[in-house]
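Have a look at the structure below before the remarks.
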Amino acid sequence: MNPSVDILFTYFPQLSETQKKQFAQLAELYPFWNEQINVISRKDMDSLYLKHVLHSLGIGAYVRQFAAGTRILDVGTGGGFPGIPLAILFPEVQFHLVDSIGKKIKVVREVAEALGLTNVEADHIRAEQLDHKYDFVVSRAVTRLKDFLPWVRNKIQSQDKNGIPNGILYLKGGDLREEIKEAKVTSDLIPLTDYFKEEFFDTKYVLYIPM
């Protein structure tokens with residue numbers, strides 16, 4: 001049996017009624033848009049809340065809270081993951097979701113508008129073309145770490161305002177030791193099993209790289 005939106009309420013009991021409604025709406029919005037523009041594997045659609053929404057919220061489970069006004073860049077957002085779930089969870093935080101595929105950004109904009117998310121901006125652009133600075137960069141396994149870092153290394157603000165230093169929060173799975181070594185970075189590898197009990201998370205991590 002695939003979990004419903006209730007799985008989120010179990011792990012994030014502090015959600016407001018507005019946030020609960022927004023998360024529940026995802027079950028209508030993503031199947032509708034996915035029929036028109038494929039942003040999620042169709043076989044994964046039944047597992048939307050487990051494999052996409054809760055997985056995205058792994059970053060929120062680790063960080064717990066961002067300071068109001070924090071700016072976060074989501075690189076290679078696809079259909080809006082992890083950015084859309086995080087924007088619902090952290091309404092005081094500004095999210096900039098970018099992807100090199102324009103039709104995916106169309107979905108992100110439509111979903112954000114339907115949810116009434118005023119803290120989401122979405123652009124069809126490559127991360128390396130941006131000239132803005134952010135407190136954090138988030139992403140979900142878009143490429144190998146050594147290839148990802150040059151895209152975003154100069155996008156991080158130097159002044160910290162959160163409980164952890166500014167940097168990259170990267171959702172990735174598998175054995176990442178070789179990838180971290182190859183990228184020559186200092187990082188913390190946080191298993192999502194620290195927060196979520198479902199078997200899906202057994203090999204999933206948040207890779208935190210302070211910059």
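Residues take their numbers from the sequence shown, with the count starting at 1.
- With salt bridges taken as basic N to acidic carboxylate O contacts below 4.0 Å, one links R109 and D123.
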Could you go through F23 and D6, starting from their C-alpha distance and side-chain angles, then the distance that decides it, and tell me whether this counts as side-chain contact (heavy atoms from CB on, under 4.5 Å)? CA-CA 10 Å; F23 277 124; D6 293 340; over 6 Å; no
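- Judged by distance alone, the side chain of Y62 and the main-chain N or O of L207 form no donor-acceptor pair under 3.5 Å.
- Of the inter-residue distances, the one linking S41 atom OG with K51 atom NZ reads 8.0 Å to the nearest 0.5 angstrom.
- In the hydrophobic cluster analysis, where Ile, Leu, Val, Met, Phe, Trp and Tyr join through side-chain heavy atoms closer than 4.5 angstrom, I88 is grouped together with V107.
- Taking CG of L73 as the reference point, atom NZ of K133 lies at 12.0 Å (rounded to 0.5 Å).
- Between the CG atom in N166 and the CD atom in Q159 there is a gap of 9.0 Å [rounded to 0.5 Å].
- The same ILVMFWY cluster, assembled from side-chain heavy atoms under 4.5 Å apart, contains both L54 and I190.
- P210 approaches T186 most closely through the heavy-atom pair CD-O, 3.6 Å.
- Between the D160 side chain and the P165 main chain, no donor and acceptor come within less than 3.5 Å of each other.
- Expressed to the nearest 0.5 Å, how far CD1 of I7 lies from OG of S4 amounts to 8.0 Å.
- In this structure a side-chain-to-backbone donor-acceptor pair under 3.5 Å is present from Q19 to L89.
- Applying the side chain to side chain contact (heavy atoms under 4.5 Å, CB included) test to R71 and every residue at least two apart in sequence or in another chain returns Q94, H132, Y134, D135.
- Between the side chain of T77 and the backbone N or O of L97 there is no donor-acceptor pair closer than 3.5 Å.
- Taking a cutoff of 4.0 Å between a charged side-chain nitrogen and a carboxylate oxygen, K146 and E179 do not qualify as a salt bridge.
- We find that K181 and E178 are not joined by a salt bridge, their nearest charged nitrogen and carboxylate oxygen being 4.0 Å or further apart.
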Taking distance alone, no hydrogens or angles, what donor-acceptor pairs closer than 3.5 Å link side-chain atoms of residues 32-40 to residues at least two apart or in another chain?
from: N34; atom 1: OD1; to: V39; atom 2: N; distance (Å): 2.8
from: N34; atom 1: OD1; to: I40; atom 2: N; distance (Å): 2.8
from: N34; atom 1: ND2; to: N38; atom 2: OD1; distance (Å): 3.4
from: N34; atom 1: ND2; to: I40; atom 2: O; distance (Å): 2.8
from: Q36; atom 1: NE2; to: F32; atom 2: O; distance (Å): 3.2

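- In this structure, the side chain of S47 does not engage the main chain of L50 through any donor-acceptor pair within 3.5 Å.
- Rounding to the nearest 0.5 Å places OH of Y170 at 8.5 Å from CG of L149.
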V152/I156 under side-chain contact (heavy atoms from CB on, under 4.5 Å): CA gap, chis, key distance, verdict: CA-CA 7 Å; V152 300; I156 310 287; 5.6 Å; no
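- F95 and A87 get closest at one heavy-atom pair: CE1-CA, 3.5 Å.
- Around the CD atom of E113, the shell of radius 6.0 Å holds no more than 12 heavy atoms that belong to other residues, nucleotides or ligands.
- Atom NZ of K21 is surrounded by 12 or fewer heavy atoms from other residues, nucleotides or ligands within 6.0 Å.
- Residues L8 and L117 share a single hydrophobic cluster, defined by chaining ILVMFWY side chains whose heavy atoms lie under 4.5 Å apart.
- Residue H96 is tested with V137, L130, D74, V120 for a side-chain contact (heavy atoms from CB on, under 4.5 Å); the sole match is L130.
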Evaluate L57 against Y195 for side-chain contact (heavy atoms from CB on, under 4.5 Å), listing each step before the verdict. CA-CA 10 Å; L57 295 179; Y195 308 104; over 6 Å; no
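- Y11 and F196 have perpendicular rings, their planes meeting at more than 60° on a 0 to 90° scale where under 30° would count as parallel.
- Between the side chain of N119 and the backbone N or O of F90 there is at least one donor-acceptor pair closer than 3.5 Å.
- A salt bridge links K106 with E110; the closest basic N to acidic carboxylate O contact falls under 4.0 Å.
- When the side chains of ILVMFWY residues are joined at heavy-atom separations under 4.5 Å, either directly or via intervening members, I164 and Y205 end up in two distinct hydrophobic clusters.
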Apply the test side chain to side chain donor-acceptor pair (under 3.5 Å) to residues T70 and N162: give CA-CA distance (whole Å), side-chain angles for both, the deciding distance (0.1 Å), then the verdict. CA-CA 8 Å; T70 295; N162 284 277; 3.1 Å; yes
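- Aromatic ring orientation, F136 versus Y208: tilted (interplanar angle from 30° to 60°).
- Under the 4.0 Å criterion applied to side-chain N and carboxylate O atoms, K104 and D99 are not assigned as salt-bridge partners.
- Scanning both residues, I180 and S187, for their nearest heavy atoms gives CG2-OG, 3.5 Å.
- The minimum heavy-atom distance linking A67 with V93 is given by the pair O-CG2, 4.0 Å.
- A distance below 6.0 Å separates the ring centres of F81 and Y30.
- Taking the ring centre of F200 as origin, the terminal cationic atom of K204 falls inside the region bounded by 6.0 Å and 45° from the ring axis.
- A donor-acceptor distance shorter than 3.5 angstrom exists from the side chain of H124 to the backbone of S100, with no hydrogens or angles considered.
- Atoms CD1 and NE2, on I84 and H52 in that order, are 14.0 Å from each other to the nearest 0.5 Å.
- Across every non-hydrogen atom of H55 and F201, the tightest pair is CA-CE2, 3.8 Å.
- More than 12 heavy-atom neighbours from other residues, nucleotides or ligands sit within 6.0 angstrom of CZ on R144.
- In terms of hydrophobic clustering, with Ile, Leu, Val, Met, Phe, Trp and Tyr side chains grouped at heavy-atom distances under 4.5 Å, V53 and L86 are assigned to a common cluster.
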